[in-house]
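Letters A, B, ... are given to chains in the order of the sequence lines, protein chains preceding strands, and every chain is numbered from 1.
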4 protein chains.
Amino acid sequence: MNTAVLAERIVEAGKRLFAEQGFHATGMRAIARAAGVSIGAIYHYFASKDEIFLAVLRQEYERRLQEARALWEQGLPASEIIRRVVELHFATLAGHKESVQLLSRAWAPETPALRAQVQALREEYAAYIAKFLEEGMEAGQIRRSHPLLTAYALLGLVEAVTGRALAEDEVARELLEVGPTELADMAWRALRPK
Amino acid sequence: MNTAVLAERIVEAGKRLFAEQGFHATGMRAIARAAGVSIGAIYHYFASKDEIFLAVLRQEYERRLQEARALWEQGLPASEIIRRVVELHFATLAGHKESVQLLSRAWAPETPALRAQVQALREEYAAYIAKFLEEGMEAGQIRRSHPLLTAYALLGLVEAVTGRALAEDEVARELLEVGPTELADMAWRALRPK
Amino acid sequence: MNTAVLAERIVEAGKRLFAEQGFHATGMRAIARAAGVSIGAIYHYFASKDEIFLAVLRQEYERRLQEARALWEQGLPASEIIRRVVELHFATLAGHKESVQLLSRAWAPETPALRAQVQALREEYAAYIAKFLEEGMEAGQIRRSHPLLTAYALLGLVEAVTGRALAEDEVARELLEVGPTELADMAWRALRPK
Amino acid sequence: MNTAVLAERIVEAGKRLFAEQGFHATGMRAIARAAGVSIGAIYHYFASKDEIFLAVLRQEYERRLQEARALWEQGLPASEIIRRVVELHFATLAGHKESVQLLSRAWAPETPALRAQVQALREEYAAYIAKFLEEGMEAGQIRRSHPLLTAYALLGLVEAVTGRALAEDEVARELLEVGPTELADMAWRALRPK
DNA sequence: TATGAATGAGAGTTCATTCAT
DNA sequence: GATGAATGAACTCTCATTCAT
């Protein structure tokens, strides 16, 4: 379908530009140019700039959810899953820096309506992690705690460090190196049963 | 001093508006109106909108640094300091919601120059926490790890949860209630010596 | 083409306003109003106010170049060409006062970038005159001298007088009357071979 | 008198800045800073920015008039006076570039009131030259023509070339070199009796 | 006499969105 | 379906000038 092709190109262009420059600094003209489509065409597929942004984020979160699901289904022990999720985040940073930049930069949109939707996407991801934690708690693999709170805490733990690692200074290089191991250990100490 | 009065009113108005609506959604006219000064007066005290934003953030981080210093100087054990810092963050959320909103929303500004400065302020705060952690490690009160990485991880841990708690739904109320205890425990488990 | 229509109306409005009030005193809003278009439409056709100004000047210099070319191609003797060029300048003053005002008023714009471009347009016109002079020198019709210098000198000679003649006082009326003859004679005495 | 000292410093600062950047690009703050006085002090001595500009121009034209008077009083033949006036213009360009820039750039102010006054200053200078030409005509040293028209023509002749010579390219250097001789010759051919 | 804080209209420019073709 | 010309409110920032001290 031609339709899907154009929409996909718009989302890809939007992802790159939103990640590089942020939401406000990215104009519809720039997206149209980068996607090789007309402005009119964009409005044919998306109702507004907000909708493009949401489509981009949906795709990103969807990918992360799929990665998480894939890990879960391998039946590994909880500590191993946590280690791998942390590793995955750092691998994304190395291979698809834009993806991390995107989530780091467009964290909390300023328009109330958009913010609510972005936070809903984030909640969906957090809820999935919470579900995993909950099952681990019931199986005695993970210490009991408030699952959603713990999920957000883990997300924050990792994202704060990867966010800092986006800078291109000496510190960032250090964090990239020791981050995966240190964060996985830290997370596991926080989560393991007594 | 009359000078300080106007500048202070501008910073206060900016803080409230930036927190409520974010950086881009807050215009100079709105700040002027809210502060009860003319637009010209704003530019007499601040070179640009960016500078107002930075002044607001500097004030916020300064306050947090002072709180942290005050805690440290009491000579409490590390676990207690951590517990109190977490409590402080949640207390701020209850008493000065705007302060948490501000830091949550203006996490990573989109303009490169502004972003660099905001991140420098954040780094200053993180470095202070890292210094505290480092002393704790040398005294055997805290497990050895990369101090700055750990500082960012702790910040992220707390901020992700307080950020979620800003919403005014049922979940947010739950997080507000169990947050302080759960997060302090979680952090301590991650930090305590073997 | 509709395109050309709007752009042309913008240039015409700009020409009139720049001539009447000068570059700085003419705002984009005034141009939009005078052209009967929206401000947005202006920026659709021109990147900046400078660009409108340059388009206006390009049109003016283009017209003058065409007039000069047309004269040249008639194969008249040099003295006759000079007489007619001077006459043409005064005729423009009578028929299109705005054209003379424009060039007189926006002689040397204050912004370096704009000034460079305006002077390049002027140089193009001067260079054409210089080429004509050079051919005349080689044919022995015109006394040998530095061609470009002489071209600028002739331009200045005429423009200083037409500039003064823009005022609407008694002196201006005198200059309008005697100007064509006196200036043509003066120029020819300066240029004719020994 | 302190008064005169401050006013003089303001005029000097204004002259430099107006020449370098033009009228609009030069702000009152910049003049105050360059003159080492307060903005309030400027308004104590000058009613407006226009008045500073006029004071600057008055000083410039006054100097030129004095130079012209000094030349006249030496009782030289007309051709020699003309040669020396042209030389003087080029010498000014070499020694006080700013003076030539000033007159070249702020040629025709955009505010009607200011423009009228600037043109009046120019007319005063032209009228003096015209008076000299008139005496020369009566003495048979100079060919009969409209004196004021001829004065403006001579001014334009020289100023167009010196204006072009302000650029700092190869052509400008050429004009600086051959200008004095060529222009003086050209002017004399235009003026000398049959 | 001298200061510089304060004013606020107005500048050029941007940009998401619409809609006639 | 697809285009991109057109809109105009809103943006940040400048600046000559005033006036209380």
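Residues that satisfy the side-chain contact (heavy atoms from CB on, under 4.5 Å) test with B/Tyr43, not counting sequence neighbours, are B/Met28, B/Ile39. Remark: B/Asp169 pairs with B/Arg164 by the salt bridge (Lys or Arg N to Asp or Glu O under 4.0 Å) rule, at least two apart or across chains. C/Arg122 pairs by the side-chain hydrogen bond (donor to acceptor under 3.5 Å, both in side chains) definition with C/Glu159, not counting sequence neighbours. Qualifying ring pair (Phe, Tyr, Trp, His ring centres under 6.0 Å) partners for B/His24, counting only residues two or more places apart in sequence or in other chains: A/His24. Every residue two or more places apart in sequence or in another chain that forms a side-chain contact (heavy atoms from CB on, under 4.5 Å) with D/Glu51 is listed here: D/Phe46, D/Ala47, D/Ser48, D/Leu54, D/Arg58. Take B/Glu12 and apply the side-chain contact (heavy atoms from CB on, under 4.5 Å) test, not counting sequence neighbours, and it matches B/Glu8, B/Lys15, B/Gln59. With sequence neighbours left out, the side-chain contact (heavy atoms from CB on, under 4.5 Å) criterion links C/Ala116 to no other residue. By the side-chain hydrogen bond (donor to acceptor under 3.5 Å, both in side chains) test, C/Thr111 is found to be paired with no residue, residues two or more places apart in sequence or in another chain being considered.
Candidate nucleotides F/dA16, E/dA16, E/dG12 were compared by shortest atom distance to the side chain of D/Lys49, and F/dA16 ranks first. Here E/dT7 is the nucleotide among F/dA6, E/dA5, E/dT7 with the atom lying nearest to any side-chain atom of B/Ala41.
Sequence neighbours left out, the pairs with a member in residues 19-33 of chain A that pass salt bridge (charged side-chain N to carboxylate O under 4.0 Å, His left out) are A/Arg16-A/Glu20.
In terms of position on DNA chain E, the residue among A/Phe23 and C/Phe23 whose nearest nucleotide sits closer to the 5' end is C/Phe23.
The separation between A/Glu51 atom CD and E/dA16 atom C1' is 14 Å, rounded to whole Å. For A/Tyr45 and E/dT17, the OH to C1' distance is 19 Å, given to the nearest whole Å. Computed from coordinates, the D/Leu6 CG to E/dT3 C1' distance equals 13 Å when rounded to whole Å. Counting to the nearest Å, the P atom of F/dA16 and the CG atom of D/Leu114 are 13 Å from each other. Distance C/Ile42 CD1 to F/dA6 P: 12 Å, rounded to the nearest Å. Atom pair C/His24:NE2 and F/dT14:C1' shows a separation of 12 Å (rounding to whole Å applied). Remark: P of F/dC15 and CD of D/Gln21 are 10 Å apart, rounded to the nearest angstrom. Separating the CG atom of C/Asp50 from the C1' atom of E/dA11 is a distance of 13 Å, rounded to the nearest angstrom.
Here the side chains of D/Leu6 and D/Ile42 are not in contact, with every heavy-atom distance at 4.5 Å or above. The side-chain heavy atoms of C/Tyr61 and C/Leu103, taken from C-beta on, include a pair separated by under 4.5 Å.
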Below 3.5 Å is the cut-off: list the nitrogen or oxygen pairs between protein and nucleotides 18-21 of chain E, distance only.
none

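For residues 25-38 of chain A, proximity to DNA chain E is found at A/Thr26, A/Gly27, A/Met28, A/Arg29, defined as any non-hydrogen atom under 4.0 angstrom from a strand atom.
Note that the CZ atom of C/Phe23 and the CZ atom of C/Phe18 stand 5.5 Å from one another [nearest 0.5 Å].
As judged by a 4.0 angstrom heavy-atom cut-off over every strand, D/His44 is placed among residues touching the sugar-phosphate backbone only.
Stem regions for DNA chain E, each three or more consecutive Watson-Crick or G-U pairs with both distances under 3.5 Å and listed by first number, read E:2-21 with F:2-21.
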